[in-house]
Amino acid sequence: MQPPEYRHVMTGPYPSESAKTKAVFPLSSGTRSSGWGAQLVSNENNVLNISILSPANAPIGRYTLGIQISAQGSASTQNLGTFILLFNPWLQADAVFMNNQAEREEYVQEDAGIIFVGSANRIGMIGWNFGQFEEGILNICLAVLDNSLNFRRDPATDVARRSDPKYVGRVLSAMINGNDDNGVISGNWSGSYPGGRDPRNWNGSVEILKEWQRSGFRPVRYGQCWVFAGTLNTVLRSFGIPSRVITNFNSAHDTDGNLSVDVYYDPMGRPMDKGSDSVWNFHVWNEAWFVRTDLGPSYNGWQVLDATPQERSQGVFQCGPASVIALREGNVDWDFDMPFIFAEVNADRITWIYNASNGTMKKNSSDSHTIGRYISTKAVGSNSRMDVTEKYKYPEGSSQERRVFEKALGKMKPSASFGPTSVSMSARSERREDREPSISGKFKVTGILEVGKEVSLALILKNLTSDKKTVMVNMTAWTIVYNGTLVHEVWKDSITISLDPKEEIQHPVKISYAQYEKHLKADNMIRTTAVCQVTNEAEVVVERVVILDNPTLTLEVLDQAQVQKPVNVQMLFSNPLDEPVKDCVLMVEGSGLLLGSLKIDVPGLRPKERSRVRFEILPTRSGTKQLLADFSCNKFPAIKAMLSIDVAK
């Protein structure tokens, strides 16, 4: 008779059967219960081929597999090796199950993607290398969990809770930023990035995760929202949790929980750094796909996770998971961080004129339509933009949208609505009673928007009345970081304009390259403002953010791409300026196309000179792969290019 044999699996430093981090089970030839099991597949030449079966709700992570043999009253244990258990989106019983094959392919298997950036009136896109299948990345992702505050405080409980994707997602949202822990990325929105990399220079998550591991788990410098989101996406997909990157244009950062953000100007048209609310030109977060057993089946599906450190939640910079379906219904009193995310897409934008000389503050206007526009993600199977705004909110201005806003406002803590903008329940209907201004204004782009060229705009002013009007206009232009951080004033002007009844005029605004060159950041953003005053009337504030285009960076494949066969690629770049550029560096990466990343020093370029750089890549996997390049020099901090390459077997 054979001695009885048992298999055991264990995960974490304190494995226990009660916590489901340890299981002991016999080898069986028949069916198994819902727990762990082992089945004999074949037995030839003293070699046993055994299939291990795991329950759908087992904690993910690295397991030790062992065998226990008991004979004649004594037992011996032998370790057979380790394996890593992940969430399984192909399995219906798993909390992350995704039924649609094309979506699974995109949201779990796809290792490159697109992130939308820019502004609501000029949406741009960058490529991002997720690289979740690159060598060593899964191990680093597991190290992210093992460096968390929760694991360090109570490893046994933390490991046991790793069966729950909402727990894992929340921990990761805290760990991808380096604010409270040994997190992965250090955020910086100042426009100055000493001792680290300008966030716009990264091409993907692989280099960031590897650098974090190399440094002994010290936060990598520096990231901004899409860097946090791109990296979180890598970790989620590596664990088998379907995930995607979401961009919200005109994203509100409401710090006092009153569903409104306050924006301040002085009477000269200068934007003011007053108050802690802000409106970001765009903000990027993630959605992960899993069930919400805590909320009920109606709220399964996409859940918002945001790793960008904006506000503390339960004492830590973490955000989510928040059910997208629950956000649309205004259920802001549910878990997790619903009020903050609801405000990001729904808040009212309130403009104030603050006069420092006499300390007065006047409410200028209130806008309930500009926040939360063109919420975007990459489409399944293509690089086109898919708009998901209607998943987050009812159509702007509809009765359902107003009902949800009132419901959310009613659920918010009453103490949150003091501040300068206590939005009363009827605030949205009150607005129409404000006295209509007698003039309207807007900025129009009248020339090409390119770095190195003059910025040409026109301020269009229209008299809406049948009376003559005299308008005093104070204008400024500032370079900014995409989240609204003011960098430097680059232009200002004050004019007085007479408008005949119903007359419309165009006043040209010209900002030379010499004026903005030294203060423009990699964001390429300039914010122009005009405060227009008709005597004895309220000011009309006109503003516009313009984004300047970089010169084109072109990538070309010179050979047919094939697995394990070197391929030549060429980069072309022309210096458009009337001055030389120097300190030129080309960074290239692409999962399945080259191992790690390539850094090439490029010789400086004379005015109008063209550069051609050739380099070699070695594809390791077949299919359509994405090659990403970042070119930087002293005049252009981050020029991006991407190229899809079809690799033959």
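Numbers for residues simply follow the sequence, beginning at 1. Quick note: numbers below take in every heavy atom, side chains included, and nothing from hydrogens, waters or symmetry partners. Note that this is a predicted model, so its numbers are computed, not measured.
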Using the ring-ring contact (aromatic ring centres under 6.0 Å, His included) rule, take Trp302 and Tyr392 through it: C-alpha gap first, then chi angles, then the decisive distance, then the call.
-> CA-CA 11 Å; Trp302 291 117; Tyr392 280 81; over 10 Å; no
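- Residues Lys521 and Asp198 are not paired through a salt bridge, judged by the lack of any N-O separation under 4.0 Å between the basic side chain and the carboxylate.
- Contact check on Glu503 versus Lys462 returns no salt bridge, with no Lys/Arg side-chain nitrogen under 4.0 Å from an Asp/Glu carboxylate oxygen.
- With salt bridges taken as basic N to acidic carboxylate O contacts below 4.0 Å, none links Arg403 and Glu406.
- Atom OH of Tyr374 is surrounded by 12 or fewer heavy atoms from other residues, nucleotides or ligands within 6.0 Å.
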Please walk me through it: do Glu396 and Arg373 pass salt bridge (charged side-chain N to carboxylate O under 4.0 Å, His left out)?
-> CA-CA 10 Å; Glu396 206 69 71; Arg373 304 289 300 279; 5.9 Å; no
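- Between Glu543 and Arg349, at least one side-chain N (NZ, or NE/NH1/NH2) sits under 4.0 Å from a carboxylate O, which counts as a salt bridge.
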How far apart are the C-alpha atoms of Trp280 and Tyr482, what are their side-chain angles, what is the distance that settles it, and do they pass the ring-ring contact (aromatic ring centres under 6.0 Å, His included) test?
-> CA-CA 6 Å; Trp280 296 30; Tyr482 79 97; 5.6 Å; yes
Test Asp387 against Arg385 for salt bridge (charged side-chain N to carboxylate O under 4.0 Å, His left out), laying out the working first.
-> CA-CA 6 Å; Asp387 195 293; Arg385 185 181 76 87; 3.0 Å; yes
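- With Trp202 as the aromatic partner, Arg197 meets the cation-pi criteria of under 6.0 angstrom to the ring centre and within 45 degrees of the ring axis.
- At least one donor-acceptor pair closer than 3.5 Å links the side chain of Thr389 to the backbone N or O of Ile375.
- The aromatic rings of His519 and His488 lie parallel to each other, with less than 30° between the two planes, well short of the 60° mark.
- The pair Arg170-Asp337 meets the salt-bridge criterion, with a side-chain N (NZ, NE, NH1 or NH2) lying under 4.0 Å from an Asp/Glu carboxylate O.
- Using a 4.0 Å cut-off between a side-chain N of Lys or Arg and a carboxylate O of Asp or Glu, Arg200 and Asp630 do not qualify as a salt bridge.
- Electrostatic pairing of Glu401 and Lys393 does not count as a salt bridge here, judged by no charged N lying under 4.0 Å from a carboxylate O.
- Test Val534, Val540, Thr535, Thr496 against Val471 for side chain to side chain contact (heavy atoms under 4.5 Å, CB included) and you get one pass: Val534.
- Phe573 and Phe636 have perpendicular rings, their planes meeting at more than 60° on a 0 to 90° scale where under 30° would count as parallel.
- For the pair Arg244 and Trp289, the cation does not sit on the ring face, since its NZ or CZ is not both under 6.0 Å from the ring centre and inside 45° of the axis.
- A distance of 9.0 Å separates NE2 in His369 from CG in Asp348, rounded to the nearest 0.5 Å.
- Between Lys635 and Glu579, at least one side-chain nitrogen of the basic residue sits less than 4.0 Å from a carboxylate oxygen of the acidic one, meeting the salt-bridge criterion.
- Geometrically, Arg328 engages Tyr394 in a cation-pi contact, judged by NZ or CZ lying under 6.0 Å from the ring centre and within 45° of the ring axis.
- Lys640 forms no cation-pi arrangement with Phe631, by the criterion of a distance under 6.0 Å to the ring centre and an angle within 45° of the ring axis.
- A tilted orientation is assigned to the rings of Phe249 and Phe282, their planes being inclined by 30° to 60°.
- Taking the six-membered ring where tryptophan is involved, the planes of Phe342 and Phe405 are tilted, since the angle between them lies from 30° to 60°.
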